[in-house]
2 protein chains.
Amino acid sequence: MSDITRMAAVAALLGDPARARILTALLDGRALTAKELSFAAHVSPQTASGHLARLTGAALLAAEKQGRHRYFRLAAPLVGQMLESIMAVAGPEPPRTGTWRGGEALRTARTCYDHLAGRLGVALADSLQAAGHVALAADGGEVTDSGMIFLRDFGAEPPPGKRVYCRPCLDWSERRPHIAGRLGAALANRCLELGWIARQRDSRAVTITPGGESGFAGRFGIRLDR
Amino acid sequence: MSDITRMAAVAALLGDPARARILTALLDGRALTAKELSFAAHVSPQTASGHLARLTGAALLAAEKQGRHRYFRLAAPLVGQMLESIMAVAGPEPPRTGTWRGGEALRTARTCYDHLAGRLGVALADSLQAAGHVALAADGGEVTDSGMIFLRDFGAEPPPGKRVYCRPCLDWSERRPHIAGRLGAALANRCLELGWIARQRDSRAVTITPGGESGFAGRFGIRLDR
DNA sequence: CGGATGCTACGGCCGCCGCCGAAGCGTCCG
DNA sequence: CGGACGCTTCGGCGGCGGCCGTAGCATCCG
């Protein structure tokens, strides 16, 4: 199979509207379940399942099983860039600022459901691990005793609930884990409460406020190079 | 029609092997006739005609009529970049140096049929025009008296023949014209003869030799920033 | 354990599209 | 002017693939 045949095969996958909707729904780096994607694609779950199988088979998507759900995400940043480049050609409005609306901002810091992702989310996970407050494994995560104290002190004690307490969530743009679960949500909420971060309109990107810059640096030793 | 639908439509165009072959055949910036493209695509001229109509309709290709031929070329550099980005995802060998094999070299200097294109080819055309040796218009080009003298002196007097003497050829990567026709061929041949440029194996890229650096600078005032 | 839920495998229907042969139109050339 | 050539349009054929209904397997929960 030649280069060109392979390229045509990939392009043919992108050429179906349902698959295109699936891929663009994942463009912001979230991982979504098969059912959510079938809704986004406007097709039945069976049809979506077939599409998802082909997309993962071609290594455009990566799948992770979690309980009875299967979460799909873009397999690589290159895939997102490819989609953006096609949109650049297809779009009637060529010159959006930058390569993509808010693309860079999304990569810096964004929400993933209710917790933090992007460079900020990953840095937060790194910091907590380095301090020995949490320990992330492939299939879950644990909070140490010192971590419990730290969280109470920080004001990010997760409320009780049935949802998983702490688990890693692979970050699309960084290819490294950030923290999800009740703990991830509590951390994000506390950062919002403190005014360290602010949501943006019509986007999952979040901005780091001046207060956040010093707060993340002081508490977590995080300094994101701009 | 939404963004996503448009993107899927473009991707679907790229998804057919025949059309993919047509586009990649044009990737180096040449303009080819419908028949040549039908051969490159491994389909009959009728079939290729249909594909070409759809590709130009979607503004992926641009067509120019010339006598009884129609020359097709990529409509914009963005189209080439899109193809490269898809190849980057589709390719089994992910990390080629740079974005594409020899892409940068091709943009610097390459052959287009038998004449020079790329930054070098455009600079050559600019220099000859600035000196009043040639005058390029949209549909053709003329050589002045001083140009005739200059060419004889340089040793690039085109041999007689039926082929058009001098015409502009729109450069893909530069979006500006370089010189084609018997004159373009004679210039390229003379530069090769002088050892100013050298062909590369398995590529239309040409390298500028040290002698060429000083030669192009001295005779034409050309200095290509690396 | 039984029902609900999420996902996948299979089968059949149907429409789209790529393909080529035949034919028509414009251009070049002797 | 007539023939050769390049390109396009039209028509019909055939196959690929998207779609969903049905059914089966795994998981969660009361």
Side-chain angles (χ1 to χ4, degrees), chain A residues 1 4-5 8-23 25-26 31-58 60-73 139-140 161-164 167 181, chain B residues 4-5 8-23 25-26 31-58 60-73 139-140 161-164 167:
Chain A
M1 192 198 264
I4 298 176
T5 313
V10 169
L13 286 176
L14 314 182
D16 177 75
R19 285 192 293 263
R21 280 188 283 262
I22 287 176
L23 289 165
L26 296 170
L32 299 178
T33 67
K35 185 167 201 179
E36 289 169 318
L37 289 171
S38 81
F39 181 77
H42 307 153
V43 293
S44 70
Q46 309 93 298
T47 301
S49 177
H51 288 315
L52 292 169
R54 296 182 61 178
L55 289 171
T56 56
L60 297 185
L61 296 185
E64 268 167 290
K65 234 178 109 170
Q66 223 166 88
R68 55 180 164 180
H69 298 278
R70 253 184 106 196
Y71 283 89
F72 293 87
R73 57 180 172 77
D139 55 346
K162 298 192 296 190
R163 186 173 156 204
V164 63
R167 71 170 182 86
Chain B
I4 298 176
T5 313
V10 169
L13 286 176
L14 314 183
D16 177 74
R19 284 191 295 262
R21 279 189 283 263
I22 286 176
L23 289 164
L26 296 170
L32 298 179
T33 68
K35 185 168 203 179
E36 289 169 319
L37 289 171
S38 83
F39 181 77
H42 306 154
V43 294
S44 70
Q46 310 93 294
T47 302
S49 177
H51 288 316
L52 291 169
R54 295 181 62 178
L55 290 171
T56 55
L60 297 185
L61 296 185
E64 269 167 288
K65 235 178 105 169
Q66 222 165 87
R68 53 181 165 180
H69 298 278
R70 251 182 108 195
Y71 283 89
F72 293 86
R73 58 180 171 76
D139 55 347
K162 297 193 298 190
R163 186 173 156 206
V164 63
R167 70 170 182 86

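Computation of the quantities below employed the complete heavy-atom set of this structure, encompassing side-chain atoms and omitting hydrogens, waters and symmetry-equivalent molecules. Throughout, a chain's letter reflects where its sequence line sits, starting with A, and its residues are numbered from 1.
For B:Phe72, whose side chain is taken as the heavy atoms from C-beta onward, the closest listed nucleotide among C:dT27, D:dT8, C:dT8 is D:dT8. Nearest nucleotide to the side chain of A:Gln46, out of C:dG26, D:dG21, C:dC20: D:dG21. Side-chain atoms of A:Ser44 lie closest to D:dC20 of the nucleotides C:dT8, D:dC20, C:dC19.
Checking the phosphate oxygens (OP1, OP2) of C:dC19, a side-chain nitrogen or oxygen of B:His51 falls inside 4.0 Å. Taking only side-chain nitrogens and oxygens, B:His42 never comes nearer than 4.0 Å to OP1 or OP2 of C:dC19. Dashed line: the shortest gap from a side-chain N or O of B:Arg19 to OP1 or OP2 of C:dG18 is under 4.0 Å. Considering only side-chain N and O atoms, A:Thr47 lies under 4.0 angstrom from the phosphate OP1 or OP2 of D:dC20. For D:dG18, one of the phosphate oxygens OP1 or OP2 lies less than 4.0 angstrom from a side-chain nitrogen or oxygen of A:Arg54. Side-chain nitrogen and oxygen atoms of A:Arg68 include none within less than 4.0 Å of the OP1 or OP2 phosphate oxygen of D:dC29.
The distance between atom NZ of A:Lys65 and atom C1' of C:dT8, rounded to the nearest whole Å, is 11 Å. Atom pair B:His69:NE2 and C:dT27:P shows a separation of 13 Å (rounding to whole Å applied). Atom P of nucleotide D:dT9 and atom CG of B:Leu52 are separated by 11 Å, given to the nearest angstrom. B:Lys35 has its NZ atom 13 Å from the P atom of D:dT8, to the nearest Å. Distance B:Leu32 CG to D:dG6 C1': 15 Å, rounded to the nearest Å. D:dT8 atom P lies 12 Å from atom CG of B:Leu61, rounded to whole Å. Whole-Å rounding puts the B:Asp16 CG to D:dG15 P distance at 17 Å. Distance B:Leu14 CG to C:dG18 P: 12 Å, rounded to the nearest Å.
For B:Ser49 and B:Gln46, the side-chain atoms include no donor-acceptor pair closer than 3.5 Å.
Projected onto DNA chain C by closest heavy-atom contact, B:Val43 and A:Gly50 fall at different nucleotides, the more 5' of which corresponds to A:Gly50. Annotation: of the two residues near DNA chain D, A:Ala18 and B:Ala53, the 5′-most nearest-nucleotide partner is B:Ala53.
Of the possible donor and acceptor atoms, one in the side chain of A:Arg19 sits under 3.5 Å from a partner among the backbone N and O of A:Leu13. Using a distance-only test at 3.5 Å, with no hydrogens or angles considered, a donor-acceptor pair links the side chain of A:Arg21 to the main chain of A:Ala41. A donor-acceptor contact shorter than 3.5 Å is absent between the side chain of A:Arg70 and the backbone of A:Glu64.
Scanning all heavy atoms of the two residues, the minimum distance from A:Ser38 to A:Ala48 falls at CB-CB, 3.4 Å.
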